[in-house]
Amino acid sequence: ALLTARTARLCSYPAPPPVTVAAIRIVKDCGRYAFGILDAIQTPSPDRIPVDCAVAGPCGGCSLRHLDYAAELRAKGESVTDAFRRIGGLDVPVLPPLPSPEIDRYRNKVQFPVGRDKNGKPCIGFYAGRTHRIVPCPDCKLQPDVLNEISNTLCDFFAAHNIQPYDEQTGKGLVRHVFLRRGVHSGQIMVCLVCTRAKLPQAEELCRALTAQFSDIATILINVNARNTNVILGSETHTLYGPGFIEDTLCGVPVQLGPLSFYQVNTLAAEQLYGIAAEYAQLTPDDLLLDLYCGMGTIGLSMADHCRELIGVEIVPEAIESAKANAARMGDAIAAKSRFFCADAGKAASQLAAEGLHPDVVMLDPPRKGCDEATLSAVVTMSPAGWSMSAATPPPPPGMPSGWKSMGIGQKRCSPWTFSRGRSIARRLSCFPRVRSTRKRFGLSSLWKIWICPNFRMGQPIRRSRSMCWSIPG
């Protein structure tokens, strides 16, 4: 079959750029969508550019590196619009996508599986699509140069000291992953080796060699994961060098990051996103801000200067402790006006509504499954002036938008973000005023995790939901 890219969007393969005419072999027809294999390009698109990564195809991480960034932004904007109208059944104004401030080398976190190259030498890389076969990638275009250099240096050290990579088939070997973080503003680097046991041969020599060659390394850790699992990190971490964490700032909020900390992987794009969320919120000094799914508190704390009180809710105990510590580091004034509770967001919202809490603005940054009905109902009961939701996942289930309308919730606008380049992922920031609200001021910047991508253009894997292709940075 000959399909244009627009028609082929419903086919399950990395789609060619718009205006491309391609020969596609349909291997499975599911009615509303199909699975196909791209056999040949009949007419190349003017938006097609040379791929600048030798392993972009087999790696599968950057499925859009053949597409010009401006065209990629347009395509992702169309995908967001399509998600609302076709799947969500909503006619929502979708603003032009905002590009990532950096389109290459933007990631502040690296997770490389460790394996062997064709010569049997330890190497780092990524799993080929739908496999656990490592494609060696010594210079990933998404990672800062220094993190690639550290990873390659570690592989040389493993080879020199006969330190064996972990073999999933046999369960033997020591090193499973190289996990790195880098503070964009501080420049501090964390090196964490994920191993099957806590003891690493020649650990002191490794620490001396790394810190001598890379002066920005602030801490070196061993994370123990001996389970037969796809989960990268284990729960046990040992410090070999430094304090066990690095420090950085996000929108002026000081944070401490360990291997288990959740943090946006594109710092500059996240700061841009939070800034627009604050603009949507229109906070005043008399406002009460409720931050549901607050994580380490960075979204709410970045706006704490502009409100009377901040209440944050998160179900992960370690995240709540980090949020409290972050507030304390911002000074007594911010700490005094900030309260954080460890609880399920839905239950906490229902309890706060029952107690008569009426926040002026509600921020929601839920997990990929989105907000459940109980949470949204509790938010509506609180009668805020508005709310914002962030999303980096597929669109809400078809029943959710109609549920919004029945609750008196109307979506005002949506801002797509690109956190990555070459990856088929986008995030969106949605703004929801209350329908028939008597309040004149609209707030609540809706951070619903669907298309506000800290990595909007960077050639990364495609995740699919229903008949759509969604790009998810990370």
Side-chain angles (χ1 to χ4, degrees), residues 80 84 90 92-98 250-253 264 269-295 297-313 323 327 330 333-334 336-340 345 349 352-353 356-366 371 375-376 378-391 404-405 407-417 427-452:
V80 175
F84 277 108
L90 296 172
V92 176
V94 177
L95 303 179
L98 294 179
L250 181 64
C251 287
V253 179
Q264 294 287 358
E271 290 180 330
Q272 186 183 52
L273 165 64
Y274 291 1
I276 298 296
E279 181 183 322
Y280 282 4
Q282 301 179 16
L283 288 165
T284 71
D286 295 326
D287 283 341
L288 169 60
L289 171 61
L290 175 61
D291 185 4
L292 295 177
Y293 311 95
C294 69
T298 50
I299 295 178
L301 288 172
S302 69
M303 306 177 191
D305 275 334
H306 307 291
C307 65
R308 169 177 56 86
E309 184 180 359
L310 165 65
I311 297 177
V313 178
M330 294 182 71
I334 297 298
K337 68 165 69 174
S338 303
R339 293 187 290 156
F340 294 96
L352 293 172
L357 180 73
H358 295 289
D360 298 281
V361 175
V362 180
M363 303 296 298
L364 298 124
D365 188 7
C371 289
T375 303
L376 292 177
V379 170
V380 170
T381 302
M382 295 177 190
S383 300
W387 41 293
S388 288
M389 204 179 274
S390 156
W404 292 344
K405 185 177 294 186
M407 294 178 190
I409 300 169
Q411 184 162 354
K412 184 173 182 179
R413 59 187 178 273
C414 170
S415 295
W417 255 258
R427 297 187 72 179
R428 82 165 186 244
L429 178 63
S430 300
C431 204
F432 297 85
R434 281 293 308 281
V435 173
R436 299 181 300 277
S437 173
T438 57
R439 305 200 185 192
K440 296 182 179 179
R441 182 172 60 82
F442 167 77
L444 233 140
S445 4
S446 150
L447 301 176
W448 195 63
K449 277 198 171 176
I450 255 190
W451 306 39
I452 301 175

Do the side chains of L310 and D291 get nearer than 4.5 Å, heavy atoms only?
yes
Mind running side-chain contact (heavy atoms from CB on, under 4.5 Å) on M363 and Y274 for me, showing each step along the way?
CA-CA 11 Å; M363 303 296 298; Y274 291 1; over 6 Å; no
Side-chain donor-acceptor distances from residues 301-309 under 3.5 Å, at least two apart:
from	atom 1	to	atom 2	distance (Å)
S302	OG	T298	O	3.3
S302	OG	I299	O	2.6
R308	NE	D286	O	3.1
E309	OE2	R339	NE	2.9
E309	OE2	R339	NH2	2.8

Residues L357, L288; criterion side-chain contact (heavy atoms from CB on, under 4.5 Å); working and verdict
CA-CA 9 Å; L357 180 73; L288 169 60; 3.2 Å; yes
How many angstroms lie between atom CG of L352 and atom CG of L292, to the nearest 0.5 angstrom?
8.0 Å
Closest heavy-atom contact between A327 and F340?
CB-CE1, 4.1 Å
Not counting sequence neighbours, which residues clear side-chain hydrogen bond (donor to acceptor under 3.5 Å, both in side chains) with T375? List them please.
D372
Student check: side-chain heavy atoms of V379 and L290 closer than 4.5 Å:
no
Let me confirm one number: the CG-CG distance from L98 to L273, rounded to the nearest 0.5 Å.
9.5 Å
